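Structure record follows, encoded as structure tokens.
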Amino acid sequence: MNCRRTLILILSLFTLSGCVFDSDSDNIIGDYETSWIDIPQTRNISKGEQIIPEYVSEIGHNSKYIIAKQHPIKPGNIVTVHTDTTNYYIIEITANSFQDKPVYGPLDQKEFDSLRHQLNLTAIQFDMHYPEY
């Protein structure tokens, strides 16, 4: 009987180990976070649900806005990041549990710089940096 329990325990551990995945997250401000599941190339920004898709490589914020630099992943291949394409986003922070304020983007560098100037966000620096794959 003891041998049977040991065998069941071993089989259970093998079964459960197939369900384990790697992940990580960093808080940006309030309920906003950057996170990834399985592979770092899936890093995105969310607030209960995804706001900016993968792959987010840089983030900055103040008390009213979050800015982000993003490289899209290549369609059909989740592990390949399009580093030759850079998109920028500006998120207006909300206290609500869901994103009910504007999210600007994807923007190219010129659009981002112009909107950043209009919104008076030039003092916000990218201070959260992640590897570019």
Side-chain angles (χ1 to χ4, degrees):
M1 189 71 160
N2 196 13
C3 195
R4 185 174 182 192
R5 285 185 185 167
T6 303
L7 181 59
I8 289 172
L9 177 64
I10 291 171
L11 289 174
S12 296
L13 289 174
F14 279 120
T15 302
L16 291 175
S17 69
C19 299
V20 176
F21 57 87
D22 196 13
S23 67
D24 194 15
S25 67
D26 292 317
N27 181 264
I28 301 169
I29 185 171
D31 295 337
Y32 293 89
E33 69 177 5
T34 177
S35 63
W36 57 268
I37 296 176
D38 289 336
I39 56 174
Q41 291 88 332
T42 63
R43 182 175 306 284
N44 63 75
I45 294 179
S46 62
K47 179 183 175 81
E49 64 181 5
Q50 188 180 85
I51 298 172
I52 299 178
E54 56 274 323
Y55 171 74
V56 174
S57 62
E58 295 184 49
I59 302 166
H61 75 281
N62 65 14
S63 62
K64 295 182 181 182
Y65 291 93
I66 296 170
I67 60 172
K69 180 179 176 181
Q70 180 250 20
H71 301 291
I73 57 172
K74 291 187 180 182
N77 188 351
I78 199 165
V79 298
T80 306
V81 176
H82 241 322
T83 56
D84 56 335
T85 302
T86 303
N87 296 316
Y88 296 88
Y89 290 82
I90 298 174
I91 302 168
E92 190 172 339
I93 295 172
T94 180
N96 288 331
S97 60
F98 59 93
Q99 186 63 35
D100 62 347
K101 292 192 177 181
V103 176
Y104 304 97
L107 307 167
D108 64 26
Q109 179 79 53
K110 188 175 179 179
E111 294 167 325
F112 175 70
D113 290 341
S114 175
L115 184 58
R116 202 171 163 186
H117 182 72
Q118 286 176 341
L119 297 173
N120 197 26
L121 305 178
T122 55
I124 301 176
Q125 299 299 312
F126 290 110
D127 57 4
M128 296 173 76
H129 304 275
Y130 301 95
E132 292 194 8
Y133 291 92

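Nothing fancy with the numbering, it's 1 onward along the sequence. None of the values given here were measured: they were computed from a predicted structure.
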From [X] atom [atom1] to [Y] atom [atom2], the distance as rounded to the nearest 0.5 Å:
| X | Y | atom1 | atom2 | value |
| --- | --- | --- | --- | --- |
| Y130 | D24 | OH | CG | 8.0 Å |
| I59 | I29 | CD1 | CD1 | 12.0 Å |
| L107 | K69 | CG | NZ | 14.0 Å |
| S23 | D38 | OG | CG | 8.5 Å |
| R43 | S35 | CZ | OG | 8.0 Å |
| S46 | I28 | OG | CD1 | 8.0 Å |

Is [X] linked to [Y] within one hydrophobic cluster, defined over Ile, Leu, Val, Met, Phe, Trp and Tyr using a side-chain heavy-atom separation of less than 4.5 Å?
| X | Y | result |
| --- | --- | --- |
| I66 | V56 | yes |
| I90 | F126 | yes |
| M128 | Y55 | yes |
| V103 | I93 | yes |

Sorted by chain and number, sequence neighbours left out, salt bridge (charged side-chain N to carboxylate O under 4.0 Å, His left out) with D31 holds for K47
Report all side-chain donor-acceptor pairs from residues 116-125 shorter than 3.5 Å, counting only partners two or more places apart or in another chain.
residue: R116; atom: NE; partner: L121; partner atom: O; Å: 3.2
residue: R116; atom: NH2; partner: I124; partner atom: O; Å: 2.1

*Can you find a pair of side-chain heavy atoms, one from T86 and one from H71, that are under 4.5 Å apart?*
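Yes. Closest side-chain heavy atoms under 4.5 Å.
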- Show which residues join W36 in its hydrophobic cluster (side-chain heavy-atom contacts under 4.5 Å, direct or indirect), or state none.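 Reading the cluster by chain and number, W36 sits alone, since nothing else belongs.
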For P53 and N44 the tightest heavy-atom approach is C-CB, 4.0 Å
When every non-hydrogen atom of I52 is compared with those of I91, the smallest separation belongs to CD1-CD1, 3.5 Å
| task | Could you tell me whether the side chain of S25 and the main chain of T34 form a donor-acceptor pair under 3.5 Å? | result | no
_N87: partners by side-chain hydrogen bond (donor to acceptor under 3.5 Å, both in side chains), with sequence neighbours left out_ =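 If we apply the side-chain hydrogen bond (donor to acceptor under 3.5 Å, both in side chains) test to N87, skipping adjacent residues, the hits are Q70.
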What pairs with Y89 under side-chain hydrogen bond (donor to acceptor under 3.5 Å, both in side chains), at least two apart in sequence or on another chain?
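Listed in chain order: nothing, the list is empty.
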Considering only residues two or more places apart or on different chains, which pairs with a residue in residues 95-112 satisfy side-chain hydrogen bond (donor to acceptor under 3.5 Å, both in side chains)?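 Sorted pair list: Y32-Q99, Y88-Q109, T94-D100, N96-D100, Q109-D113.
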